[in-house]
Amino acid sequence: MPHIIVIGAGQAGASLTAKLRTLGYEGDITLIGQEPVPPYQRPPLSKAYLLGDMERERLYLRPEQFYADQNITLRLGETVTAIDADAQTVTVGGDVLAYDELAITTGSTPIHLPNAIGGNLGGVHVVRTLADIDTLEPEFAKGRKVLIVGGGYIGLEAAAVAAKLGLDVTLVEMADRILQRVAAPETSDYFRDLHTAHGVKIIEGVGLDHLSGDTRVTSATLTNGDALPVDFVITGIGIRPATALAEAAGITLDNGIKTDAQGRTSAPHIWAAGDCASFPYKDTRIRLESVPNAIDQAEVVAENMLGAGKDYIATPWFWSDQFDVKLQIAGLNTGYDKVVTRAGDKEGTQSHWYYAGNTLLAVDAMNDARAYMIGKRLIEGGKSPAPDVVANPETELKSLLKA
């Protein structure tokens, strides 16, 4: 009986194994995950789950019984220690398992603060896994002081939850502005204003010098010399693709595990998908950290494992929930040189349209689902309405699809 093994029981791994069964694959499937729980959604962890608005079981992508019903062997709470690409085996929990095809969907890992500056003190947290959030949740008591290090989406989402629960929130961002790596100044300004209106203190252009405390953090010293009393710290300074296992197996890396357009790695019979994989995109190579990419790429890899020979054509989109604002992003804004701001139909709603010359690259939409959906369709269809047309409030957005 042929055997497909999938290492990494996150969104990509769960999607890949389910797709194999949907496609009619009848061989053995083993899904291996380091965490002791079935595959679950990560986005709600830092939002609804942390707020207490979502129960643990609702996080699960599918009930655990699904895997048994689909004859998918789940090995949870276990770590693969080696891949032997020549022998086509993986070593896990003292067992050596043979595979016919192998998928690596190991995702990514959060960047921790160095121990040298107090990153190993008690009360210093990252936001990535269910266990991280379960450890963090008791810290969220009204009136406590939290320092959030990093002004990307994870840091801002954590700040929003903390502020909603009545904590005293300070966020520091070493770059000149929040969201600098991923968004235009217009989007940074929108979210800075939003957070400030909810009582979050945002300090930009200033980094963390070190944390202090005996065994648990009690204060933070910033690079400008300011010292802040803190009860706990949340670190949101980025993630890295989880590539150590692939690298040890001799698989080629390039900003993640390097794959071809169909998801193959440099090793025969080994594939990769999700946060850990980089792949061809237009005239470059990218790695996408998003749920939609994890699902879509993993499903294409499942098809190709069964011989489809299908290229993965990414259609990037993302989202973030902060306070009562849903940010929806379509496309990739890399290389933009112009941003058009368009007001939405209701107060406080707007969208930012990114252009390189006259080519539409991406759209950030704040509580403006219409702008997001139309922008997404335009980008995926290769259409670029003129910037001045988008900027004109008299323009009916839907008409742009007919141009």
Side-chain angles (χ1 to χ4, degrees), residues 3-17 29-35 39 42 75-116 119 126 128-129 131-132 154 181 235 237-281 284-291 293-294 296-298 300-302 304-305 312 314:
H3 186 197
I4 292 177
I5 296 178
V6 180
I7 304 172
Q11 183 75 67
S15 299
L16 198 157
T17 54
I29 301 175
T30 301
L31 178 59
I32 306 169
Q34 287 185 310
E35 297 183 65
R42 291 195 193 279
R75 295 191 62 153
L76 301 175
E78 298 195 62
T79 300
V80 174
T81 53
I83 298 170
D84 188 327
D86 294 328
Q88 291 184 218
T89 62
V90 302
T91 302
V92 55
D95 296 330
V96 177
L97 308 179
Y99 63 82
D100 294 278
E101 303 290 336
L102 172 69
I104 303 174
T105 57
T106 43
S108 51
T109 56
I111 299 171
H112 292 256
L113 292 175
N115 291 350
V126 294
R128 185 63 183 169
T129 68
D132 291 335
I154 289 294
R181 186 177 66 87
T235 305
I237 55 175
I239 59 178
R240 294 190 180 102
T243 58
L245 191 62
E247 184 175 15
I251 295 170
T252 302
L253 305 183
D254 182 356
N255 181 31
I257 301 172
K258 183 178 182 179
T259 72
D260 67 10
Q262 297 183 7
R264 295 181 188 83
T265 72
S266 61
H269 307 288
I270 300 182
W271 312 72
D275 283 11
C276 67
S278 71
F279 57 93
Y281 178 78
T284 186
R285 172 173 290 277
I286 62 172
R287 187 175 57 81
L288 291 177
E289 300 165 359
S290 75
V291 169
N293 174 71
D296 296 344
Q297 189 178 25
V300 170
V301 166
N304 290 334
M305 281 180 157
Y312 173 55

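Basis for what follows: all heavy atoms, side chains included, without hydrogens, waters or symmetry-related copies.
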Per-pair distances, 0.1 Å, donor-acceptor, side chain in residues 89-96, under 3.5 Å, sequence neighbours excluded:
from, atom 1, to, atom 2, distance (Å)
D95, OD2, R75, NH1, 3.2
D95, OD2, R75, NH2, 3.0

Q | Reported CG-to-CG distance for the pair D296 and L288, which is rounded to 0.5 angstrom | A |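 Rounded to the nearest 0.5 Å, the CG-CG separation comes out at 10.0 Å.
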Q) Rounded to the nearest 0.5 Å, how far apart are CG of L113 and CD1 of I111? A) 10.0 Å
Minimum heavy-atom distance [X]-[Y], with the two atoms named:
| X | Y | answer |
| --- | --- | --- |
| P110 | V126 | CG-CG2, 3.9 Å |
| Q262 | W271 | O-CZ3, 3.5 Å |
| A273 | V301 | CB-CG2, 4.2 Å |
| A85 | A267 | CB-CB, 4.2 Å |
| A314 | F279 | CB-CE1, 3.7 Å |
| S278 | R285 | O-NH1, 3.0 Å |

Contacts of type side chain to side chain donor-acceptor pair (under 3.5 Å), residue [X], not counting sequence neighbours:
| X | result |
| --- | --- |
| H269 | E101 |
| E289 | R287 |
| D132 | T129 |

Backbone of [Y] reached by a side-chain donor or acceptor of [X] within 3.5 Å:
| X | Y | value |
| --- | --- | --- |
| Q88 | Y99 | yes |
| T105 | I7 | yes |
| T265 | I270 | yes |

Q) Can you list the residues that meet the salt bridge (charged side-chain N to carboxylate O under 4.0 Å, His left out) rule with D84, with sequence neighbours excluded? A)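 For D84 there are no salt bridge (charged side-chain N to carboxylate O under 4.0 Å, His left out) partners, ignoring immediate neighbours.
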Could you pull out all donor-acceptor pairs under 3.5 Å where a side-chain atom in residues 239-252 meets a protein atom, sequence neighbours excluded?
from, atom 1, to, atom 2, distance (Å)
T252, OG1, S266, OG, 3.2

**Q.** Contacts of type side-chain contact (heavy atoms from CB on, under 4.5 Å), residue H3, not counting sequence neighbours
**A.**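 Expected list: I5, D28, T30, D100.
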Q: Could you pull out all residues at least two apart from A294 that satisfy side-chain contact (heavy atoms from CB on, under 4.5 Å)?
A: Q11, A12
Q. Side-chain contact, heavy-atom cut-off 4.5 Å: M305 with L16?
A.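 Side-chain contact under 4.5 Å: yes.
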Q | Within residues 269-279 or reaching into it, pairs that qualify as salt bridge (Lys or Arg N to Asp or Glu O under 4.0 Å) - sequence neighbours excluded | A |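 Sorted result for residues 269-279: R128-D275.
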